[in-house]
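Okay, structure first, notes after.
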Amino acid sequence: MTVRVRFSPAPSGYLHVGSARSALFNWLYARHTGGTFILRVEDTNADRSKPELVDSIRESLTWLGLDWDEEYLQSERFDLYLEAANDLLANGKAYLCDCTPDDVKTRAEARGESASGGYDGHCRNRNVEPGDGVAMRFATPNEGVTGWDDLIRGRVEFENAVLEDFIIVRSSGVPMFHVANAYDDYDMGITHVVRGEDLVNTTPRVLLLREAMGATTQPTYAHLPLIVNEQRKKLSKRRDDVSVSDYADKGYLAEAMRNYLATLGWGPEDGVEVRPIEEIIEQFELADIGKAPAFFDVKKLDHFNGEYIRALPEDDFVSQTWPLVDGTIDRELYERLAPELQLRVKQFSQVPSFIDWIVGDAPEPSGKDWRKVMKKDKVPEALDLIIERLGEAPWEAAELERIVFGVGEELETRTQVPVRLAITGVRSGLPLFEPMAAVDRQVVLDRLKAARERLR
RNA sequence: GCCCCCAUCGUUCAGCGGCCUAGGACACCUGCCUUUCACGCAGGCAACACGGGUUCAAAUCCCGUUGGGGGUACCA
């Protein structure tokens, strides 16, 4: 049987890293097995779905290199779900209900349960006629258990008695996602359902519906551990900075993100984490996925990204980062500086901060840096000498280096960092002399003199 | 409240009864390289939540406790 998996986002927001990881694992499994990867947009709730969000999800998936083989929009399949629901009604597996949410809540409280105590089956045998405010509910079994063998979690079972008679068609006539989900997985011949652990509780409902629709088999489920924030809570679009497109905008490489995401909940057997996607596809197995939630660690993502940036061909690095500095720096100079830049940046967005001082004003040194670097005995004297000699020198990198280091040797002190701080505003960065020679002599002298003044 | 799940270094992945005085990676610290930083290289710090079993033998199996998380909608 050939594998068919689907990624089923609800277009209620941008693609976030948790969903992206679900998509990735589905994709990896499909590619590993030579199966089919399906994008199925679960937009059965018109209020919460926006067409432009579907586009943004497609864009993020494409950015990550997750290509899909088939695509469906559930909003275009309403009639199918409705028909399935009506069949259930005709077979006595579902019934009409005219209780309002308030009715349900009131009765639950009267029973001494909390407001979310659930529906009590009030209309199960009332033969409610179709009409305004009438919804359809599924009649769940009162006994027995519904369960499945989860590829990641092992056997999971729910007592049917704890399952309430949930709504399958809203009073507005729109089918609920459970119906769409059960119907589509069945209809589309989905063999493996790979999704977040937050969906385990809905699984028995879907399984029961599926069975009621006539299915005699279950898909294989694999419930992924959640990706959590530093507070160990499920990533939230509101609270956490997790939109995939934001990372793309910040200059993370798609390959790095994809590679990092693959190590959350799963890892290659040999422990080599940074590696080509082809090798990950080859090694990936659903059964090897771990059970415990994983923290989305931006620091580690940065490391992955740095590795991928350094592995980039020099030309690619230049062409991909040039737009960030175009109009400020000379192209030829940028190309000369690029290899050193490539070694240092962990995100493309950091590029401008490394060259700002060359093409514009230098930032004011922090008090801490100033004290650490400039408050040394020989600094004023060194600065005086350097300023003097720089006034006459041929303005080229090798000459500047000779002068700065020469003064250092004469005075038996280190001169690079004080000069660097005076000129660039920070005490670390690109090798100094090449870019320094690209700055106007007078500008360099002004900055050195300003620093010298501040030392009086 | 009820239902479901999880539990190895700060983080992440490994370990699936003896090979574990628990391994790799990120982060952190030290040294080397370098008159900056980074890269690279060499080291270091650091974990089996707790309590009972089972077994000749448990990080690995079972039960409980504790802790954490998820769900509980006419959202998906």
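In what follows, chains are A, B, ... by sequence order, proteins preceding strands, each numbered from 1. Only this structure's heavy atoms are used, side chains among them; waters, hydrogens and symmetry mates stay out.
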Within the 4.0 Å heavy-atom criterion, would you say [X] contacts the bases, only the backbone, or no part of the nucleic acid?
| X | answer |
| --- | --- |
| A:D103 | nothing |
| A:S171 | base |
| A:G265 | sugar-phosphate |
| A:M136 | nothing |
| A:E42 | sugar-phosphate |
| A:F177 | base |

Looking at [Y] and [X], is there a salt bridge between them, counting it only when a charged N and a carboxylate O are closer than 4.0 Å?
| X | Y | answer |
| --- | --- | --- |
| A:K234 | A:D240 | no |
| A:E340 | A:R310 | no |
| A:E230 | A:R232 | no |
| A:D55 | A:K50 | no |

Sugar-phosphate means primed atoms, P, OP1 and OP2; the rest is base. With that split, encode nucleotides 31-38 of chain B 5' to 3' as B, S or - using protein heavy atoms under 4.0 Å. ----BBBB
In whole Å, I'd like the distance from the [atom1] atom of [X] to the [atom2] atom of [N].
| X | N | atom1 | atom2 | result |
| --- | --- | --- | --- | --- |
| A:I168 | B:A73 | CD1 | P | 17 Å |
| A:D150 | B:C4 | CG | C1' | 12 Å |
| A:F158 | B:C2 | CZ | C1' | 12 Å |
| A:F166 | B:A73 | CZ | P | 13 Å |
| A:D165 | B:U72 | CG | P | 17 Å |
| A:R195 | B:C75 | CZ | C1' | 15 Å |
| A:L163 | B:A73 | CG | P | 12 Å |
| A:R153 | B:C5 | CZ | P | 9 Å |

Taking the minimum atom-to-atom distance to the side chain of [X], which one of [options] wins?
| X | options | answer |
| --- | --- | --- |
| A:E164 | B:C3, B:C5, B:U72 | B:U72 |
| A:N45 | B:A76, B:C6, B:C74 | B:A76 |
| A:K299 | B:A27, B:C13, B:C75 | B:A27 |

So A:L385 and A:L411, do their side chains get closer than 4.5 Å, heavy atoms only? yes
If you pin A:K291 and A:L301 to their nearest nucleotides in RNA chain B, which one's is more 5'?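 Comparing both residues, the 5'-ward one is A:K291.
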Assert: residue with more 5' nearest nucleotide on RNA chain B, out of A:L264 and A:P175, is A:L264
Nucleotide forming a Watson-Crick or wobble pair with [N], both distances under 3.5 Å:
| N | result |
| --- | --- |
| B:U11 | B:A25 |
| B:C61 | B:G53 |
| B:G40 | B:C32 |
| B:C2 | B:G71 |

Can you tell me, in whole Å, how much space there is between the [atom1] of [N] and that of [M]?
| N | M | atom1 | value |
| --- | --- | --- | --- |
| B:U8 | B:C48 | C1' | 4 Å |
| B:A47 | B:A42 | P | 24 Å |
| B:A22 | B:A59 | C1' | 8 Å |
| B:A7 | B:A49 | P | 10 Å |
| B:C9 | B:G15 | C1' | 14 Å |
| B:G43 | B:G23 | P | 14 Å |
| B:A25 | B:G17 | P | 26 Å |
| B:G24 | B:G44 | P | 10 Å |

Please list, chain by chain and in numerical order, all residues satisfying side chain to side chain donor-acceptor pair (under 3.5 Å) with A:K93, sequence neighbours excluded.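 A:K93: no side chain to side chain donor-acceptor pair (under 3.5 Å) contacts found.
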Can you name the closest pair of heavy atoms from A:R239 and A:K233 and give their distance?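 Looks like NH2-CB, 3.7 Å.
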Looking only at heavy atoms, what is the nearest atom pair of A:M436 and A:W357, with distance? N-CH2, 3.8 Å
Take the angle between the ring planes of A:F317 and A:F348 and call it parallel below 30°, perpendicular above 60°, tilted in between. perpendicular
Quick check, are the ring centers of A:Y247 and A:F296 under 6.0 angstrom apart?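 Distance test on ring centres: under 6.0 Å, yes.
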Looking only at side-chain N and O atoms, does [X] come under 4.0 Å of OP1 or OP2 in [N]?
| X | N | value |
| --- | --- | --- |
| A:S8 | B:A76 | no |
| A:R155 | B:C5 | no |
| A:R170 | B:C75 | yes |

Rounded to the nearest 0.5 Å, how far apart are CZ of A:R371 and OG of A:S366?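 Answer rounded to 0.5 Å: 7.5 Å.
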Under a 3.5 Å threshold, yes or no: a donor from one side chain and an acceptor from the other, between A:N259 and A:Y308?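 Side-chain D/A pair, A:N259 to A:Y308: present.
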Between the protein and nucleotides 66-70 of chain B, list the N/O to N/O atom pairs that are separated by less than 3.5 angstrom.
from	atom 1	to	atom 2	distance (Å)
B:G69	OP1	A:K233	NZ	2.4
B:G70	OP1	A:K234	N	3.3
B:G70	N2	A:N201	OD1	2.9
B:G70	N2	A:N201	ND2	3.4

